[in-house]
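Working notes, beginning with the structure itself.
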Amino acid sequence: MDKAYEPNLYEDNIYKRWEESGLFNPDNLTNTKGRYVNLLPPPNANGEMHVGHASGYVVMDLLGRYHRMKGEKVLLLPGKDHAGIQSQVVYEKKIKKEQGISRHDLGREKFYNEIFAFCKDRSQYMRSQEKKIGLSADWSREKFTMDPDLVKIVLDTFVQMYNEVDNKGNRLIYRGDRIINWCPRCFTALSDVEVEHEEQMTKLYTFKYSNDFPFTISTTRPETKLGDTAVAVNEKDKRYKKYIGQEFKVDFVGVPLTIKIIPDHEVDMNFGTGALGVTPAHSAVDWEMAQKNNLPIVKVINEQARIYPGFGKFSGLSASEARTAVVEELRANGLLEKEEEYLNNLSVCERCKTPIEPLVSKQWFVNVDHANFSLKKSARKAIEKEEIKIYPERFKDVMLSWIDNVRDWCISRQIWWGPQIPVWYKGDEMVASVDSPGEGWKQDEDTFDTWFSSGQWAYSTLGYPTGKDYQEFYPSDVMIMGRDILPFWAFRMIILGLYCTGEVPFKNLYFTGLVRDENGQKMSKSKGNGIEPIEIINKYGTDAVRLSLLIGNTPGNDLNLGEQKIAGFRNFSNKLWNIARFIMTVIPTEAIRRVEGSLDLARDDKKTLADKWILSKLNEVIKSTSENIEQFNFSQAGEQLRDFTWNELADWYLEIAKIEGEKSEILNYLLNTILKLWHPFMPFVTEQIWTEIYGKDRMLMVERWPVFVASDATTPGKPEGGVAGDFELLKNIITGIRSLRAENKIEPVKKLNAIISAGDKAGLLQENAEIIKVLARLENLQIEESAIKPEGSIGFVESGVEVFVDLSGVVDIEKEKVRLEKEKQELEKYVSGLAGKLSNKEFVNNAPPAVVEKEQHKLNEAKDKLAKVINQLEGLR
RNA sequence: GGGCGUAUAGCUCAGCUGGUUAGAGCGUUGCAUUGACAUUGCAAAGGUCUCCCGUUCAAUUCGGGAUACGCCUACCA
């Protein structure tokens, strides 16, 4: 084995071996018990893997590998999303840049085919990146949301939902003229979640429609006022009460309007003039008011964001030109009362950041509260009853509030990239059908909202409703996604899953946080603070990157990731490598290949204190690792494993093993077990070490996960006694002596003499005397039941045991006095605190006896220690 | 405006159902180093657990409030 672990030498080969074994495919796993299914969230097929994807994959792969080692039939199903609008935007930019053409130059069919090829090409590249992170997914089942079989399922669902009609004739999916968010650049409708809000300063204009209109109103969008059909006032507002119900015919900048005064309790009397101009066609609130009051709807702005004909000189102007012109006109006529700077939220397109035009348009909608099957109610029920368990728990409330506030979902998009809506028209006739009804029928031009496809990922990937995989693997065990797509994706999968399959699509829903840079800033290309996963993997190794994404990262919380952290875990990979390297030099060859589990843990013969201690610790860590993984506490699991591996195994046990010798059996067992425990976290280095031990015939990936074994020898005792307590004492004696050396600046080569006054621990310490001598670098060590502090020595107290180190001539008496004095003071404070507590009757009477007893025990120990410290201090004087 | 979250060592964070002399990693300081590992070892310094009030024998932990900072959401034109 090389002196240092070089990830680049091994990783690709290891991955290749895993892949060639076919064991990523659950069909090839034998002797399985139960199944474990995780459908990986499909990233957009137009880009590349970023560190956010990587952080999700690492969790998914950890779980997959853990369950595979538990002997379950594991399926991690990978895939890609066609990402309708985003891919179309990306590809349009590309052809514009490379060929100077638009999608219209290509035509719909050619454009579609080119994007398809483009996405497939990118997918392949992304797949190679996903393999680099170690993802043990079944690539033979990889899916793409635009694959014909998946599209077919999505279209069938549409038809089924369209045909779901209640007794009033309302459809679960309906077509209607409603106000929607329109992106004039993407030239498509958007759902509410595809709109972002940006704060910006704008002007708030206060004006009168005309001189004969009785009062003023305020607006930030004067150009839309051309379509006003009402003014809403609060019914309690005395100023306007008398006008309610009246109709005014006004001449607004040369355009005749009919304005009805309507009451609405939502109008804020204190905002502006307390009167709100109602523009039903270009504001979602106004549109709803118009529905309630049967107001006419006048469309002013068209899909190109230009003014419709019929508005005099404003017709044909762009919305912003029209705004200027309307304001000018008002000003010229003395109708503009006020212009104020005003901070409001501008809606912009999530994909291209173009300001959204709310406008009325004919689109397809999903009724989220249909009489036959209420999507929102059934989702709420499933979440409330924890048929889907959400991690972290607080996201349950977030999900519920989303469900409660959801509105009908606009699923049609006026783009070319995506499954085309399976509705056919002929004259006035309309039919929903996957295939053309025949000659002369023309298909709806629109495509589906991407989330209508990806919302069916949970079963479309498994060949719903008749596929073998669907029968075997639905619903999945866990779904893992970034917390930012909860409303987009998690919610939609749940409602569509419940409707189509009658079951929840997954049993557990786990949200990851965002990955930020080391200063907590969002990573972005423009800031240049991003971490490119492949680059960083090449530098530090996949395992290091995986650990930095797992440890210190808690569910739903954001993670700050800097290079230093990754370097730290690179060091740890190397540590593990060297632990293995050491153990393999110690174990005799014939023992190396001995199979795990051959160690009889209960057999107590010849086991030293250190042996019993490390085995009990190992046993604990097997338990805690398993439990923490099951509970999605990956960080805890990793941290405890690292502590065990580095601070207990490497720093103590291996050092002791060098002294005690003859431990091949235990060392072999230890190495074997920690490799298994680490494998889900850091699959590459563990697999490589495994190969060094067992050769290429056995793969760690499918070895069996270690089991917790309860036995006297492996179960830790109480902290004050038993194996754990005894070993702790041994450790503290060694650390105490080392500390004295360091404080008194005694060079490590100089060996010291020490005497221990050990009381009833004399026998125990005698057995381990050699360990103390070597690790604390002592020349002579004398262990007595009771010893008197020798002249020229200084000492310390540890669990009733006094250690005297001969420092005659070297020790700085004054410094030592200061140290002891400080310790004395601290102890006195501690003792008086405890004594006070114990003399408090309330405490003694109310606290559980065990607690009181514990405090009493602490007090006794502290008093004893204090007496000894005082004694030593006296000796120095 | 509504909702959610976070405030613990210089930095990044653990600390579950109240009783620990409050922990880790990184960083810092001192010492060491060719024998598993300098991608190392040993030792140490560093915290009135944001503030106030309450519940309790006991609060970093539970409740209320304040302050600060995040994130999500929204139809004040």
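Chain letters run A, B, ... following the sequence lines, proteins first, then strands; residues in each count from 1. The analysis underlying the following values was restricted to heavy atoms, covering all of them including side chains, and did not include hydrogens, waters or symmetry mates.
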Inset, instruction - Could you check Ala284(A) against Val749(A) and say which one's nearest nucleotide on RNA chain B is further toward the 5' end? - result: Val749(A)

Legend entry - Distance-only donor-acceptor test (3.5 Å): side chain Lys658(A), base rA36(B): yes

Legend entry - Test ring-ring contact (aromatic ring centres under 6.0 Å, His included) applied to Tyr391(A) - qualifying residues, sequence neighbours left out: Phe632(A)

Legend entry - Pair of N/O donor and acceptor under 3.5 Å linking rC37(B) base with Lys575(A) side chain: yes

Each nucleotide N or O in nucleotides 16-21 of chain B that has a protein N or O under 3.5 Å away: list the pair and distance.
{"from": "rU21(B)", "atom 1": "OP1", "to": "Tyr830(A)", "atom 2": "OH", "distance (Å)": "2.5"}
{"from": "rU21(B)", "atom 1": "OP2", "to": "Lys858(A)", "atom 2": "NZ", "distance (Å)": "2.9"}

Legend entry - NZ/NE/NH1/NH2 to OD/OE distance under 4.0 Å, Glu288(A) and Arg407(A): yes

Legend entry - SB check Arg221(A) Glu223(A) (cutoff 4.0 Å): yes

Inset, instruction - Mind checking Arg221(A) for me? I need base, sugar-phosphate or nothing, with any heavy atom below 4.0 Å counting as a touch. - result: nothing

Legend entry - Salt-bridge contact Lys376(A)-Asp404(A) (side-chain N to carboxylate O under 4.0 Å): no

Inset, instruction - May I ask you to establish whether Lys658(A) and Phe582(A) are in a cation-pi arrangement, using a distance under 6.0 Å from NZ or CZ to the six-membered ring centre and at most 45° from the ring axis? - result: yes

Inset, instruction - Quick one: label Ala567(A) by what it contacts on the DNA or RNA (base, sugar-phosphate, nothing), any heavy atom closer than 4.0 Å. - result: nothing

Name the pairs: protein N/O against N/O of nucleotides 3-11 of chain B, kept only if under 3.5 Å.
none

Legend entry - Helical stems, RNA chain B - three or more consecutive Watson-Crick or G-U wobble pairs below 3.5 Å: B:1-7 with B:67-73, B:10-13 with B:23-26, B:28-32 with B:40-44, B:50-54 with B:62-66

Inset, instruction - Tell me whether the guanidinium CZ or amine NZ of Arg738(A) lies under 6.0 angstrom from the six-membered ring centre of Trp652(A) and within 45° of its axis. - result: yes

Inset, instruction - Would you verify whether the NZ or CZ of Lys208(A) falls within 45 degrees of the ring axis of Phe213(A) while also being under 6.0 Å from that six-membered ring's centre? - result: no

Within the sub-3.5 Å range, which N or O atoms of nucleotides 43-50 of chain B have a protein N or O partner, and how far apart are they?
{"from": "rA44(B)", "atom 1": "OP1", "to": "Ser739(A)", "atom 2": "OG", "distance (Å)": "3.3"}

Inset, instruction - Return the 5'-most residue of the pair Val195(A), Lys565(A) with respect to RNA chain B, ranking by each residue's nearest nucleotide. - result: Lys565(A)

Inset, instruction - Return each pair, listed once, that meets salt bridge (charged side-chain N to carboxylate O under 4.0 Å, His left out) where at least one residue sits in residues 265-275 of chain A; pairs must be two or more places apart or across chains. - result: none

